[in-house]
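Below is one structure; the comments refer to it alone.
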Amino acid sequence: MSLLFSKTTLGPLTLQNRLVMAPLTRNRAIGNVPNELMAQYYAQRASAGLIITEGTSPSPNGLGYPRIPGIFSAAQVAGWRQITDAVHPLGAKMFMQLMHCGRIAHPLNLPPGARVLGPSAVAAAGEMFTDAEGMKPNAMPAAMSEADIETAIAEFAQAATNAVAAGFDGIELHGANGYLLEQFIRPTSNLRTDRYGGAIENRARFVLEVAEAAIGAIGKDRVGIRLSPFGVFNDMPIYPAMEADYLYLARALDALGLVYIHLVDHSPMGAPPVPESMKAGIRSAFKRTLIYSGGHHVGLAESNLAAGKCDLVAVGRLFLANPDLVARWKSGAPVNAPDMSTFYTPGPRGYTDYPALTA
Ligand SMILES: Cc1cc2nc3c(=O)[nH]c(=O)nc-3n(C[C@H](O)[C@H](O)[C@H](O)COP(=O)(O)O)c2cc1C
């Protein structure tokens, strides 16, 4: 009996299976507005139980990368509406990932008047692609004032409301992979001495206030969060209190009652592995749905589900390359390999032209 392909629930929602399409930034949203090509791409993958969208900015300030979508303008809400309208009749539920890039950004990617922000004025090592001038060093962020923090929290809440208005079943806060929420959690990017910095109770405050505001806007059954303890992407080094900090966070998120934690383990992409003790600690601290992500093939997905380690399994690169991944895995058919050269390039090539199995 396959658990992966059997129905389940996520809060009040019924999912047609336990396979989740992981959030995948694809940079096809010209002008930061979702379009018809994106609707086609997501509809092709609607046999998933749940689709989590690519990282989508709640604010002009959060658009660190070129051609990523937002959810703060009427045009963006209308653009996303055509996507949820295309996907829902085909069966998948949809959550929007809210990604504020914070310091992983370059001003050339931002609209006029927007600012690169972070918890502290500490630039991330590494470079950012810009359409105008190619690779540039990540910008030095402005340390957020209390007023900036209040504004950002309000933007997340409004974005959650907008996502529901666009037809989404819920939102995922991007608390992983070195973006703004994780920049507050980690002591190397957050050097603040006010109530948002220092001890973990303070470094977690922004994330928890954002979660609380999103819950206030759309309800706890519609708000999940992605976390990457031990993740090092975007200049986020390992530090000694990592496990204790994330256990604190998992307990606090459990108290808020979010519908899921989406736990990233990027060791299949070369990152340090997430210790089993960390995964088990989060499983026992957080009572609602747990999603695993990173390096799953069908066998590993089934065994993690069967062992009760997680409730849903999210798949990134294989879903990118196989619009009909569910059918392929069900039948044991071979899978297409992802083409890295077209991950982030505009247009349909390497986006909507991966072949499906012919009937
Ligand atoms: C092209 C690409 C874009 C990605 N964009 C995002 C993103 O927008 N948000 C996010 O949380 N993770 C993002 N990820 C990470 C994936 O969601 C996933 O965690 C990762 O690919 C590992 O899972 P996999 O082994 O199944 O591919 C991205 C990964 C890839 C390959």
- prompt: Looking at side-chain heavy atoms only, is the closest gap between Glu127 and Lys136 below 4.5 Å?
  reply: no
query: Looking at Arg222 and Phe95, what are the two nearest heavy atoms and their distance?
result: O-CE2, 3.6 Å
message: For Met135, is the CE atom crowded, meaning more than 12 foreign heavy atoms sit under 6.0 Å from it?
response: yes
- prompt: Can Lys309 be said to sit on top of Tyr292's aromatic six-ring, NZ or CZ under 6.0 Å from centre and within 45° of the ring axis?
  reply: no
- prompt: Quick one: does Phe168's side chain get under 4.5 Å of Val87's, heavy atoms only?
  reply: no
Residue pair Ala105 / Asn138: nearest heavy atoms and the distance that separates them: N-OD1, 3.6 Å
message: Are the side chains of Leu4 and Val326 in contact, using a 4.5 Å heavy-atom criterion?
response: no
query: Can you check side chain to side chain contact (heavy atoms under 4.5 Å, CB included) on Trp80 and Met38, steps first, answer last?
result: CA-CA 9 Å; Trp80 280 116; Met38 290 166 62; 4.0 Å; yes
- prompt: Should Arg205 and Glu201 be marked as a salt bridge (charged side-chain N to carboxylate O under 4.0 Å, His left out) after you check the CA-CA gap, both sets of side-chain angles, and the distance that decides it?
  reply: CA-CA 6 Å; Arg205 192 181 310 280; Glu201 290 78 5; over 6 Å; no
- prompt: Parallel, tilted or perpendicular: which fits the ring planes of Tyr179 and His174, with parallel below 30° and perpendicular above 60°?
  reply: tilted
- line: Value for CG (Asn109) from OG (Ser57), rounded to nearest 0.5 Å, stands at 11.5 Å
query: Ignoring hydrogens and geometry, is there a side-chain-to-backbone donor-acceptor pair from Arg103 to Ala139 under 3.5 Å?
result: no
task: Hey, could you give me the CD1/CG distance between Ile52 and Asp169, rounded to the nearest 0.5 Å?
output: 11.5 Å
message: Treating Arg226 as the side-chain partner and Leu173 as the backbone partner, does any N or O pair qualify as donor plus acceptor under 3.5 Å?
response: no
- request: Check Leu357 against Ser331 and note the closest heavy-atom contact, atom names and distance.
  value: CD1-OG, 4.3 Å
query: Asn322 and side chain to side chain donor-acceptor pair (under 3.5 Å): which partner among Arg328, Gln44, Arg45?
result: Arg328
Heavy-atom donor-acceptor pair, Gln76 side chain to Phe72 backbone, under 3.5 Å: yes
- prompt: Do the side chain of Arg67 and the main chain of Arg28 share a donor and acceptor less than 3.5 angstrom apart?
  reply: no
- request: Step by step, work out the side chain to side chain contact (heavy atoms under 4.5 Å, CB included) result for Leu10 and Tyr260.
  value: CA-CA 8 Å; Leu10 175 64; Tyr260 71 71; 3.9 Å; yes
Interatomic spacing from OG1 in Thr8 to CG in Leu305 - rounded to 0.5 Å: 9.0 Å
- prompt: Do we see a donor-acceptor contact under 3.5 Å between the side chains of Ser189 and Gln183?
  reply: no
query: Same hydrophobic cluster for Ile282 and Val259, using side-chain heavy-atom links shorter than 4.5 Å among ILVMFWY?
result: no
- prompt: Does Arg251 make a cation-pi contact with Phe286 (under 6.0 Å, within 45 degrees of the axis)?
  reply: no
message: To the nearest 0.5 Å, what is the distance between CZ on Arg317 and CG on Asp339?
response: 13.5 Å
Minimum-distance pair of heavy atoms, taken over all atoms of Val232 and Ala271: CG2-CB, 4.4 Å
- prompt: Considering all heavy atoms of both residues, which atom of Pro34 and which atom of Ala29 are nearest to each other, and what is their separation?
  reply: N-CB, 4.4 Å
message: To the nearest 0.5 Å, what is the distance between OG on Ser2 and NZ on Lys330?
response: 8.0 Å
- request: State whether the side chain of Asp265 and the backbone N or O of Gly294 hold a donor-acceptor pair below 3.5 Å, judged by distance alone.
  value: no
statement: On a heavy-atom basis, the closest approach of Pro355 and Asn336 is O-ND2, 3.0 Å
message: If only side-chain N and O atoms count, and only distance matters, is there a donor-acceptor pair under 3.5 Å linking Thr151 with Asp148?
response: no
message: Checking the side chain of Gln40 only, and the main-chain atoms of Thr352 only, is there a donor and an acceptor separated by less than 3.5 Å?
response: no
field: CA sep, side-chain torsions, deciding dist, call: Thr53, Met94, side chain to side chain contact (heavy atoms under 4.5 Å, CB included)
entry: CA-CA 7 Å; Thr53 70; Met94 268 192 112; 3.8 Å; yes
field: Any donor-acceptor N or O pair under 3.5 Å, side chains Thr56, Gln97
entry: no
- prompt: Quick one: salt bridge (Lys or Arg N to Asp or Glu O under 4.0 Å) partners of Arg26, sequence neighbours excluded?
  reply: none
field: side-chain contact (heavy atoms from CB on, under 4.5 Å) partner of Val223, chosen from Leu258, Val210, Leu256
entry: Leu258
field: Ionic contact status for Arg203 with Asp245, cut-off 4.0 Å
entry: yes
query: Do Phe230 and Glu243 come close enough that some side-chain heavy atom pair is under 4.5 Å?
result: yes
- prompt: What's the verdict on side chain to side chain contact (heavy atoms under 4.5 Å, CB included) for Asp311 and Ile291, showing C-alpha distance, side-chain angles and the deciding distance?
  reply: CA-CA 6 Å; Asp311 305 296; Ile291 308 177; over 6 Å; no
- prompt: Does Trp329 share a hydrophobic cluster with Ile51, counting links as ILVMFWY side-chain heavy atoms below 4.5 Å and allowing steps through other members?
  reply: yes
- prompt: Is there a donor-acceptor contact under 3.5 Å from the side chain of Asn61 to the main chain of Ala114?
  reply: no
message: I'd like to know if the side chain of Arg288 reaches the main chain of Gly257, judged simply by a donor and an acceptor atom lying under 3.5 Å from each other, with no hydrogens or angles considered.
response: yes
query: In terms of heavy-atom contacts, does CZ of Arg349 have more than 12 from other residues, nucleotides or ligands at under 6.0 Å?
result: no
message: Tell me whether Val77 shares a hydrophobic cluster with Met99, the cluster being built from Ile, Leu, Val, Met, Phe, Trp, Tyr side chains joined at under 4.5 Å.
response: no
- prompt: Between Leu19 and Leu3, is there a shared hydrophobic cluster once you connect ILVMFWY residues whose side-chain heavy atoms come closer than 4.5 Å?
  reply: yes
query: Should Asn202 and Arg195 be marked as a side-chain hydrogen bond (donor to acceptor under 3.5 Å, both in side chains) after you check the CA-CA gap, both sets of side-chain angles, and the distance that decides it?
result: CA-CA 5 Å; Asn202 287 349; Arg195 64 201 186 94; over 6 Å; no
- prompt: So how far is it from Lys279 NZ to Leu263 CG, rounded to the nearest 0.5 Å?
  reply: 6.5 Å
task: If the plane angle is over 60° it's perpendicular, under 30° parallel, otherwise tilted; pick one for Phe206 and Phe156.
output: perpendicular
query: Same hydrophobic cluster for Leu37 and Phe319, using side-chain heavy-atom links shorter than 4.5 Å among ILVMFWY?
result: yes
task: Answer yes or no: are there more than 12 heavy-atom neighbours, outside Lys287 itself, under 6.0 Å from its atom NZ?
output: yes
query: Is a side-chain donor or acceptor of Asn304 paired with a backbone partner of Ala301 at a separation under 3.5 angstrom?
result: no
query: Do Glu54 and Tyr41 meet the criterion of a side-chain donor-acceptor pair at a distance under 3.5 Å?
result: no
task: Without swapping roles, check the side chain of Asn162 against the backbone of Ile71 for a donor-acceptor pair under 3.5 Å.
output: yes
